[in-house]
Amino acid sequence: MKFADLHLHTNFSDGTFAPEELAARGRLLGFAALALTDHDTVEGCARMAAACTAAGMEFIVGTELTAEHDDVEVHLLGYLLDTQNPKLLSEIARFQAVRQDRIRQMAARLNQLNVPLQVESVFALANCKSPGRPHVARALVQARLVKNLDEAFERFLKKNRPAWVPKARMSALEGIQLIHQAGGLAIMAHPGLNRTDEIIPALVEAGLDGLECFHTKHSTTTSEHYLEITDRYHLLVTGGSDCHGFSKNKPLIGTVKLPYEHVERLREAASRKTVAALKP
Ligand code: AMP
Ligand code: ZN
Ligand code: FE
Ligand code: FE
């Protein structure tokens, strides 16, 4: 039985593993295929592809975009897209700038609260173009300003806590179009986490290609619920661990094993789109 993990983060966003470390773990766990879905970037894909190929695994290019529809936050996974697509690259660069600016705002809020975190220490630790709250939390721990990541989020960084700054999100409809014009497939990430059922029909209407039915934080019942929805709308099924490496707990890679047939369906759907796009 072949299986895949289609939701993984590296240190090109807020994961702790380098692409090579992640691929090595995937290999040890027996995966046939891995996808990389770093937040607002495709930069790690080249190294991850090389590492997967060297380890005898298949690699699927991906990214995870933060979007919204009707004020509901929704994460969009884009798969099998062209990582050189100019529009994709310019849009993700814009959101990377938003992320960096948000880090500055969160550091300024912390400083106002008499928490002397230096913003440069966050950027140095993140060492990537897509920094996020986990980097702020890790920098706070490193500077001994909090005891652990939980304290960082509970006291300062969680939504509506004093150092929290909302993140600008793209519209989900634009996100789907952005992924499609780059030749990719748009999948709603972890629908059971955001409880985004009510917006599914509108996104399907806008061309959403599938749902991430299997996710570390989905119970069996939740997965079954979303499988039923993919059946109803004829959508693709994906799944992944959403592993961020070493954060609070041990690495999540290996907790979700997506049957390989879904990877084949994903590839078939992507090639059908390419063929359709080539028709006059
Ligand atoms: P951001 O994209 O900057 O808003 O950060 C979101 C990331 O922070 C998510 O991918 C989570 O991994 C992490 N995160 C969010 N809330 C918490 C929390 N309460 N404790 C630990 N990590 C969290
Ligand atoms: Zn993340
Ligand atoms: Fe997500
Ligand atoms: Fe994720």
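In what follows, residues are counted from 1 in the order of the sequence shown. As the structure lists them, so they are numbered: ligands from 1, and atoms in each ligand from 1. Values in this document were obtained by computation on a predicted structure and should not be read as measured data.
Ring planes of H215 and H7: perpendicular class, angle over 60° (limits at 30 and 60°). Note on ring orientation: taking the six-membered ring where Trp is involved, the planes of H9 and H244 are parallel (angle under 30°, cut-offs 30° and 60°).
Counting only residues at least two apart or on different chains, the ring pair (Phe, Tyr, Trp, His ring centres under 6.0 Å) pairs with a member in residues 17-36 are F3-F31, F17-F246.
Ion pairing of E91 with K87 is absent here, as no side-chain N (NZ or NE/NH1/NH2) approaches a carboxylate O to less than 4.0 Å. Ion pairing of D209 with K273 is present here, as a side-chain N (NZ or NE/NH1/NH2) and a carboxylate O approach within less than 4.0 Å.
Counted by atom type alone, T10 and D38 present one or more donor-acceptor pairs between their side chains at under 3.5 Å.
Distances from the Fe ion (ligand 4) show that H9 has an N/O/S atom below 2.8 Å.
Around the Zn ion (ligand 2), the protein atoms of type N, O or S that sit closer than 2.8 Å are D14 OD1, D14 OD2, H39 NE2, H244 NE2. Protein N/O/S atoms closer than 2.8 Å to the Fe ion (ligand 3), listed by chain and residue number, are E64 OE2, H75 ND1, H190 NE2.
The shortest non-hydrogen separation linking P131 to F123 is CG-CE2, 4.1 Å.
No donor-acceptor pair under 3.5 Å is formed between the side chain of D14 and the backbone N or O of G132.
For S130, the side chain to side chain donor-acceptor pair (under 3.5 Å) test picks out no residue, with sequence neighbours left out.
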R25 and E20: salt bridge (Lys or Arg N to Asp or Glu O under 4.0 Å), yes or no, with the steps?
-> CA-CA 9 Å; R25 283 178 182 263; E20 294 75 16; over 6 Å; no
